[in-house]
Amino acid sequence: MKYKTYYFYPPKSDEPEMVIIITENQTSRNHFQKLYRRYENKGWSIREIKQKEKQYVQKEQHPQTGEYV
């Protein structure tokens with residue numbers, strides 16, 4: 001299951017910041033979209049934190065030793 005992470009930063013420093021971790025399927029639902037728009041209209045800055053992509057490098061067999069490198 002893939003997740004998305006959103007950080008909500010308030011316009012004033014005395015308010016706490018909010019973090020929402022949500023599945024990709026739920027980001028298209030009305031409840032999350034309303035929440036996103038509501039905080040954006042109040043002056044909060046919203047930033048999505050992208051997950052690091054896993055990079056799998058295919059190992060090759062060494063011609064002389066036969067070991068995978």
Side-chain angles (χ1 to χ4, degrees):
M1 195 174 264
K2 294 186 179 183
Y3 293 96
K4 289 189 174 188
T5 306
Y6 290 92
Y7 282 99
F8 289 71
Y9 295 99
K12 299 177 184 174
S13 62
D14 59 340
E15 295 176 334
E17 62 182 52
M18 182 171 49
V19 178
I20 295 180
I21 300 173
I22 192 167
T23 62
E24 286 185 355
N25 298 345
Q26 293 176 333
T27 56
S28 61
R29 294 193 178 159
N30 280 342
H31 181 70
F32 178 74
Q33 290 176 356
K34 286 180 183 178
L35 182 77
Y36 190 96
R37 280 189 239 121
R38 184 179 302 137
Y39 280 102
E40 195 173 42
N41 288 337
K42 288 183 179 181
W44 287 52
S45 59
I46 302 167
R47 195 172 68 174
E48 179 185 356
I49 305 300
K50 303 265 183 179
Q51 294 179 355
K52 293 182 180 179
E53 294 181 7
K54 296 179 182 177
Q55 295 181 0
Y56 295 105
V57 179
Q58 189 175 8
K59 295 184 177 183
E60 296 179 8
Q61 192 173 13
H62 192 277
Q64 292 179 343
T65 60
E67 296 179 8
Y68 286 98
V69 257

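Numbers for residues simply follow the sequence, beginning at 1.
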**Complete:** Rounded to the nearest 0.5 Å, the CZ atom of Arg29 sits from the NZ atom of Lys34 at a distance of 14.0 Å
**Item:** Flag if over 12 foreign heavy atoms under 6.0 Å of CD, Glu24
**Value:** yes
**Asked** Considering all heavy atoms of both residues, which atom of Pro11 and which atom of Gly43 are nearest to each other, and what is their separation?
**Response** CB-O, 3.8 Å
**Message:** Test of understanding: with ring pair (Phe, Tyr, Trp, His ring centres under 6.0 Å), list the residues that count as partners of Phe32, not counting sequence neighbours.
**Reply:** Tyr6
**More than 12 heavy atoms of other groups within 6.0 Å of Glu48 CD** = yes
**Complete:** Contacts of Tyr39 meeting ring pair (Phe, Tyr, Trp, His ring centres under 6.0 Å) (sequence neighbours excluded), chain-then-number -> Phe8, Trp44
**Which residues share a side chain to side chain donor-acceptor pair (under 3.5 Å) with Tyr36, sequence neighbours left out** = none
**Request:** Supply the atom-to-atom distance Lys42 NZ to Lys12 NZ, rounded to the nearest 0.5 angstrom.
**Result:** 11.0 Å
**Asked** Among all residues two or more places apart in sequence or in another chain, which pass the side chain to side chain contact (heavy atoms under 4.5 Å, CB included) test with Thr23?
**Response** Met1, Tyr3, Asn25, Gln26
**Message:** Among residues at least two apart in sequence or on other chains, which ones pass side chain to side chain contact (heavy atoms under 4.5 Å, CB included) with His62?
**Reply:** Gln64, Thr65, Val69
**Complete:** Closest heavy-atom pair, Gln61 versus Gly66, reported as atoms and distance to 0.1 Å, is NE2-O, 3.2 Å
**Request:** Tell me, please, which residues at least two apart from Arg38 pass side chain to side chain donor-acceptor pair (under 3.5 Å).
**Result:** none
**The single option from Ile46, Asn30, Ile20, Ile22 passing side-chain contact (heavy atoms from CB on, under 4.5 Å) against Leu35** = Ile20
